[in-house]
Amino acid sequence: MVPTGAYGTWPSPIDARVAATHDGRPDFVGVVGDEVWWTEPRPAEGGRRALVRRLPDGTEQPLLPAPWNVRSRVVEYGGQPWAGAVGAGGTGPLVVFSHFPDQRLYRYEPDGGPDPVPLTPLSGVGGGLRWVDPVIHPDRGEVWCVLEEYTGPGPGDVRRVVAAVPLDGSAAEDRDAVRELTDDRHRFVTGPRLSPDGRRAAWLAWDHPRMPWDGTVVMTADVTADGVFTGARAVAGGPREAVCQVDWAPDGSLLFVSDASGWWELQRMKPGAEPAGLCTGRAEEFGGPLWKVGLKWFQPLDDGTIAVIHGKGATSLGILDPETGELVDAPGPWTEWAATLTGHGSRVIGVAASPRSGYELVELDTSTGRTRVIGSAHDDSVDPAYYPEPQIRTFTGPDNREIHAHIYPPHNPDRIAPDDELPPYVVWAHGGPTGHVPLVLDLAIAYFTSRGIGVAEVNYGGSTGYGRSYRERLREQWGVVDVEDCAAVAEALAAEGTADPARLAIRGGSAGGWTAAASLAATDVYACGTLLYPVLDLTKWADETHDFESRYLESLIGPPEDVPGRYRERAPLAGVDRISAPFLLLQGLDDVICLPAQSERFLAAMAGRGIPHSYIAFEGEGHGFRRADTVTRALEAELSLYVQVFGITRHDVPPLELRK
């Protein structure tokens with residue numbers, strides 16, 4: 001007989017260290033020769049990103065040892081940090097990559113070459129020179145990519161262009177050796193995509209105050225024999241049309257994903273013709289928000305078909321015939337495909353996860369229709385019996401609007417709860433806020449559910465994956481719609497007898513941290529909250545944060561010159577007198593997106609109010625925690641908060657001091 005135990009007291013083999021070592025996912029997949037390469041997280045190695053190769057015989061090995069960290073800081077969130085080619089530097093493969101600590105581009109020949117050698121200068125004003133989304137052009141002896149150059153000390157003193165860097169290292173000490181292929185008329189650009197004949201290039205561009213999911217343009221240019229861009233012009237997109245990816249088909253047609261219809265859909269533009277939809281009317285997304293430079297939701301294949309990631313809420317990998325519109329999905333259990341795809345002959349490789357598996361490399365053979373797992377960043381030592389069992393739910397919020405959520409009830413094969421007890425629940429608000437929570441295995445969730453604490457992940461209004469109208473519910477309503485939707489889910493769970501109404505909590509990171517803090521100030525639904533690297537002070541955030549998001553609030557809150565009072569009234573900092581619930585605040589001291597000063601001002605305003613709280617700051621961590629020790633301590637501190645506030649008896653979690 002299974003023993004009875006109160007919710008929250010259950011023993012679990014999923015400790016915080018296990019959850020921390022499973023944090024992160026493989027990303028930025030590519031094929032070099034007959035090998036598959038990708039980056040993957042190393043939480044136990046200071047949070048660096050390793051570049052890994054899979055040899056034709058199936059063995060995996062790192063291309064670069066520690067401390068090499070393959071990650072870009074362009075727009076702070078980075079993007080495609082490496083490019084590979086065969087025969088560009090000799091007989092073996094060549095890789096060009098961005099090294100996170102100094103942001104220089106390096107060249108490396110992993111099969112017998114010297115140590116990585118720099119290709120770009122170290123010096124620079126402000127944040128210096130940064131590079132992302134590279135493409136190697138061995139015939140020209142160059143790598144073409146995005147250059148982000150800081151021209152002054154402020155975060156807004158920056159320009160971005162498409163540039164060409166010599167592979168011979170001549171620009172390592174000479175900025176003038178870098179050729180700029182575009183002017184800086186646009187604030188933001190992605191890397192170039194070359195047509196099959198090499199005579200045309202395409203890229204995306206957008207400008208403040210728009211974010212890339214508000215409106216972008218597709219730029220094209222002719223490429224001369226000397227590698228010069230001429231006749232640059234916008235051929236698609238606009239201020240109210242968000243194009244998130246552009247590439248070329250084997251026949252020279254231009255392919256791009258646009259949300260002009262209200263859903264991100266794949267478009268094709270043949271030479272001399274207008275764009276035409278390839279798979280329209282399905283009311284699902286074939287793209288997503290361009291938070292990083294170089295994300296890929298589709299991959300043109302040699303036979304003229306196109307591998308696509310698509311879906312509503314959850315996503316699938318499919319093969320689209322552009323001539324007939326037929327779309328055939330790959331078999332398998334995966335419910336989320338990351339925005340990274342590559343192709344090689346009849347093979348398509350991506351990164352996918354499911355509620356029963358973490359993110360792993362998956363290969364589809366289009367000639368047979370078979371899929372198989374070919375690699376993963378983690379060896380899963382956890383018994384699947386302890387995995388949570390998610391429920392896909394749709395709730396009704398204010399004005400009868402739909403709210404999408406994933407509900408994870410407490411689950412542990414070794415314990416059952418008393419019949420007369422309802423479980424505590426924590427509402428998780430995702431970051432972005434233009435983002436979504438995928439339906440995948442997350443051991444941070446399992447850490448709580450296996451102990452008897454339920455989790456409700458809410459894709460509140462403003463989330464992606466449900467069309468542009470759902471995404472734009474948050475326009476000028478940040479701090480209202482997100483707060484109301486999370487509260488509606490929490491109250492519905494309590495009303496139906498799923499959750500204990502006296503033991504509800506809310507937590508979130510970044511924009512989710514804002515929602516959590518705003519919820520504590522605006523409602524009395526929650527007994528406590530966990531705030532991770534949050535936005536707390538709107539009046540100063542735009543001047544303190546990085547360039548990419550510095551005008552984001554104009555769509556989320558409104559133009560500051562038109563609604564200055566809204567910036568003061570909505571901010572959690574202005575609502576500290578309404579906060580009566582205990583909270584935990586976690587902050588990275590190297591965060592340049594939500595600066596520690598935001599948290600410090602919030603704590604100063606809370607001082608003397610008698611509200612129990614705890615503040616933990618982590619040296620060496622930025623926006624989003626990457627180190628295993630940090631993630632471990634953060635999870636244990638969060639559990640300790642719930643243990644104290646919810647009145648749970650357990651003695652295997654380090655105590656968290658709550659001060660008033």
Aromatic plane relationship, [Y] with [X] - under 30° parallel, 30 to 60° tilted, over 60° perpendicular:
X      : Y      : answer
Phe448 : Trp428 : perpendicular
Tyr533 : Phe625 : perpendicular
His406 : Tyr408 : perpendicular

Compare every heavy atom of [Y] with every heavy atom of [X], then report the nearest pair and how far apart it is.
X      : Y      : result
Val362 : Ala352 : CG2-CB, 4.1 Å
Val2   : Pro413 : CG1-O, 3.8 Å
Leu474 : Gly462 : CB-CA, 3.8 Å
Pro13  : Val18  : O-CG2, 4.4 Å
Ser12  : Ser450 : OG-OG, 2.6 Å
Pro424 : Gly452 : CD-O, 3.7 Å

Is [X] salt-bridged to [Y], cutoff N-O under 4.0 Å?
X      : Y      : answer
Arg17  : Asp629 : yes
Glu476 : Arg566 : yes
Arg393 : Glu457 : no

So does [Y] get a backbone contact from the side chain of [X], meaning a donor-acceptor N/O pair under 3.5 Å?
X      : Y      : value
Asp383 : Tyr386 : no
Tyr460 : His430 : yes
Gln267 : Phe256 : no
Thr530 : Leu584 : no
Glu484 : Gly397 : no
Asp537 : Phe602 : no
Asp259 : Trp264 : no
Arg507 : Val426 : no
Thr449 : His411 : no
Glu284 : His310 : no

[atom1]/[X] to [atom2]/[Y] distance, rounded to the nearest 0.5 angstrom?
X      : Y      : atom1 : atom2 : value
Ser316 : Glu336 : OG    : CD    : 10.0 Å
Asp329 : Leu320 : CG    : CG    : 10.5 Å
Ile616 : Ser599 : CD1   : OG    : 12.0 Å
Tyr7   : Ile416 : OH    : CD1   : 9.5 Å
Cys486 : Tyr526 : SG    : OH    : 5.5 Å
Asp482 : Arg473 : CG    : CZ    : 12.5 Å

Are [X] and [Y] close enough that some pair of their side-chain heavy atoms sits under 4.5 Å apart?
X      : Y      : answer
Thr464 : Trp291 : no
Trp541 : Leu536 : no
Thr545 : Gln598 : no
Pro534 : Leu585 : yes
Pro43  : Thr21  : no
Leu361 : Trp38  : yes
Asp15  : Asp652 : no
Tyr77  : Ile593 : yes

Practice problem: Mind running side-chain contact (heavy atoms from CB on, under 4.5 Å) on Phe395 and Leu493 for me, showing each step along the way? | Solution: CA-CA 10 Å; Phe395 296 87; Leu493 293 175; 4.0 Å; yes
Enclosure of [X] [atom1] (heavy-atom neighbours >12, cutoff 6.0 Å):
X      : atom1 : answer
Asp399 : CG    : no
Ile392 : CD1   : no
Lys292 : NZ    : no
Asp524 : CG    : no
Arg578 : CZ    : yes

Quiz item: Hey, would you say the Trp337 and Trp297 ring centroids sit under 6.0 Å apart?
Solution: no
Self-check item: Ring-ring centroid check Trp213 Tyr552, cutoff 6.0 Å
Solution: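 So the answer is yes for these two rings.
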Exercise. Would you check, one step at a time, whether the test side-chain contact (heavy atoms from CB on, under 4.5 Å) holds for Phe548 with Glu76?
Key: CA-CA 8 Å; Phe548 177 63; Glu76 294 302 342; over 6 Å; no
Exercise. For Arg401 and Val481, run side-chain contact (heavy atoms from CB on, under 4.5 Å): C-alpha distance rounded to whole Å, both residues' side-chain angles, the deciding distance at 0.1 Å, then the answer.
Key: CA-CA 10 Å; Arg401 61 177 181 253; Val481 166; 4.0 Å; yes
Quiz prompt | Full working for salt bridge (Lys or Arg N to Asp or Glu O under 4.0 Å) between Arg372 and Glu360 | solution = CA-CA 10 Å; Arg372 61 172 181 152; Glu360 53 199 1; over 6 Å; no
Any luck finding a side-chain donor-acceptor pair between [X] and [Y] under 3.5 Å?
X      : Y      : answer
Ser640 : Glu636 : no
Glu40  : Tyr359 : no
Thr394 : Glu402 : no

Quiz item: What's the verdict on side-chain contact (heavy atoms from CB on, under 4.5 Å) for Leu278 and Ile306, showing C-alpha distance, side-chain angles and the deciding distance?
Solution: CA-CA 10 Å; Leu278 294 182; Ile306 307 167; 3.9 Å; yes
